[in-house]
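What follows is one structure encoded as structure tokens, with my remarks underneath.
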Amino acid sequence: MIQAVRGTKDILPVDITKWHYIENIIRNITERYNYKEIRTPIFEKTEVFSRSIGENTDIVNKEMYTFNDKGGDSITLRPEQTAALIRSVIQNNLTNDISTLRLWYLGPYFRYERPQKGRLRQFHQFGVECIASPNPEADAEIILLANQLIKNLGINDYELQINSLGNEISRSNYRNKLVEYLTIHKNDLSEESKSRFETNPLRILDSKDDRDKSIIKNAPKIIDFLDEESSKHFESVKNLLDSTGVKYKIESDLVRGLDYYCHTVFEFRSSLLGAQDAFGGGGRYDGLIKQLGGKDAPAVGFAMGVERLILILDSLNVFNSNESKCDFFIVSSNEKYYSTALLISEELRNLNYNVINDLQRKSFKAQMREADKSGAKFCIIFAEDEFNRNSILVKNMKTGEQSEIKIENIKNTKF
Ligand code: AMP
């Protein structure tokens with residue numbers, strides 16, 4: 001038997017209502033904030049990601065699905081959306097005639113990670129990007145949007161963690177101090193952090209390794225290195241969240257994995273998840289659009305993992321499965337009824353009803369059992385005497401009540 005690729009998952013019909021539930025709320029919330037949907041290709045030229053996410057990040061170094069296509073071009077299955085979205089924004093001049101560009105997306109992403117609960121190699125993200133505002137109000141707007149979405153999904157058990165990485169000057173000052181501190185402790189770092197020390201020392205702050213954690217605890221904090229502009233931005237974001245009643249915790253070691261972030265970074269975590277407790281995260285990326293060849297436009301965004309949202313919602317028993325949508329099951333156990341059965345089915349479907357026909361040519365009894373199992377509200381039964389009177393029987397599956405209805409009157413009957 002051929003199995004699905006490790007780390008990928010079928011979304012089966014029994015689970016699809018969960019996805020629809022989340023997608024409906026996403027559409028509703030993004031509309032209220034006037035964000036417009038964008039869909040970009042699943043694969044891009046590799047440089048879209050390598051030039052933006054950073055050559056020394058885990059994603060680019062270890063996790064990308066990259067291959068040469070038959071024409072010899074290096075192609076990558078998108079590991080995240082922001083870089084590809086910005087490529088599209090630049091290519092299609094979307095920032096030209098609008099002051100603030102508000103976009104959202106939902107789709108599959110690919111990372112070669114070690115699969116575990118809540119961590120897949122093909123997973124789905126919903127996210128938003130707010131482009132062309134350098135102001136803290138934009139940071140606040142997307143955090144508010146995320147917060148609304150989480151609340152509307154019915155999730156209350158979560159924490160919003162925020163931090164600031166400051167502007168380039170602050171980050172570079174901090175990086176020097178951090179490297180100075182880590183140099184003293186270098187021998188005690190985990191092997192992974194030792195290699196990060198050479199390539200991307202800020203990422204050491206993200207480490208979950210206990211040895212690293214005790215060193216990180218006493219490391220200098222980026223927040224103490226913010227220059228005036230960066231401090232002012234962060235203070236404003238916090239004030240806006242305070243005044244809109246959004247609860248948050250300042251997490252001084254939160255850096256997020258990618259190179260393009262500056263100023264505000266944030267993450268949503270829930271104790272209802274296991275080790276992978278982050279279900280969303282984002283931040284400001286003021287330099288990225290210019291870096292990818294566009295105009296100098298600041299931006300801020302976030303992404304949320306749909307599979308992790310489902311894990312949380314499952315643990316809260318939000319979904320009530322097995323709810324049947326079937327209105328009519330048509331029982332027609334003789335070939336002579338088939339064409340009329342099909343005609344009636346079509347008429348009912350044109351009236352927006354959900355109708356099932358037996359396609360197995362089962363016996364009358366077997367079809368009645370099937371009708372029961374389908375959860376249909378009504379069963380339409382073809383029977384000899386009634387059919388000779390140009391009628392069918394309609395059985396209310398809840399009450400068991402049966403009534404005879406003229407075939408020509410079905411269209412006008414209130415069920
Ligand atoms: P990131 O930008 O990497 O923090 O990703 C944003 C969100 O996407 C995370 O908080 C997760 O909910 C989700 N996510 C990221 N990687 C994976 C993965 N490999 N499997 C499932 N969900 C993921």
Side-chain angles (χ1 to χ4, degrees), residues 4-11 15 18-19 22 26 42 49 52-54 56-65 76-86 104-129 142-143 145-147 149-150 153 155 157-163 165 200 202-203 205-208 251 253-262 264-285 288 299-315:
V5 175
R6 189 163 124 83
T8 69
K9 227 173 144 179
D10 300 311
I11 302 165
D15 288 323
K18 302 175 183 182
W19 288 77
I22 293 174
I26 286 172
I42 305 279
F49 305 110
S52 54
I53 297 171
N56 293 318
T57 57
D58 283 351
I59 291 186
V60 172
N61 256 341
K62 300 191 251 175
E63 297 170 0
M64 292 206 307
Y65 279 90
T76 294
L77 300 188
R78 57 188 194 186
E80 58 108 48
Q81 181 65 76
T82 303
L85 181 144
I86 295 306
W104 72 270
Y105 58 84
L106 172 70
Y109 299 87
F110 308 85
R111 294 183 195 172
Y112 191 79
E113 291 190 89
R114 196 170 47 77
Q116 62 180 92
K117 186 179 171 207
R119 194 159 72 189
L120 294 152
R121 289 180 174 172
Q122 176 178 322
F123 59 98
H124 294 75
Q125 285 184 340
F126 153 70
V128 307
E129 312 290 357
I142 64 155
I143 292 176
L145 188 159
N147 220 41
L149 179 86
I150 298 166
L153 287 169
I155 301 170
D157 188 349
Y158 70 94
E159 185 173 82
L160 164 62
Q161 302 182 340
I162 63 170
N163 193 21
L165 302 178
N200 194 349
L202 241 66
R203 283 285 277 125
L205 300 180
D206 261 351
S207 171
K208 301 275 183 289
E251 183 57 59
D253 297 326
L254 179 67
V255 289
R256 308 243 330 123
L258 321 185
D259 274 2
Y260 53 61
Y261 285 118
C262 62
T264 321
V265 285
F266 57 93
E267 221 149 63
F268 291 95
R269 296 182 180 275
S270 174
S271 60
L272 299 171
L273 291 164
Q276 301 299 319
D277 65 345
F279 62 94
R284 183 165 271 288
Y285 53 96
L288 182 62
V300 56
F302 74 78
M304 245 176 225
V306 180
E307 283 84 356
R308 292 197 194 163
L309 287 175
I310 290 178
L311 283 175
I312 298 176
L313 295 170
D314 271 338
S315 77

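Residues take their numbers from the sequence shown, with the count starting at 1. Counting convention: from 1, in listed order, for ligands and their atoms alike.
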(message) Strictly under 4.0 angstrom, heavy-atom based: which residues surround ligand 1?
(response) R111, E113, G118, R119, L120, F123, Q125, R256, A278, F279, G280, A303, G305, R308
(message) Tell me every residue that passes ring pair (Phe, Tyr, Trp, His ring centres under 6.0 Å) with F302, counting only those two or more places apart in sequence or in another chain.
(response) F126
(message) For the CG atom of L309 and the CG atom of D314, what is their distance to the nearest 0.5 Å?
(response) 11.0 Å
(message) Tell me every residue that passes ring pair (Phe, Tyr, Trp, His ring centres under 6.0 Å) with Y285, counting only those two or more places apart in sequence or in another chain.
(response) Y260
(request) Identify whether NZ of Lys or CZ of Arg in R78 sits under 6.0 Å from the centre of the six-membered ring of F49 and within 45° of that ring's axis. (result) no
(request) Would you please classify the geometry between the F268 ring and the Y158 ring as parallel, tilted or perpendicular, with 30° and 60° separating the classes? (result) tilted
(request) Applying side chain to side chain donor-acceptor pair (under 3.5 Å), name anything that partners S271, two or more places apart in sequence or on another chain. (result) D157
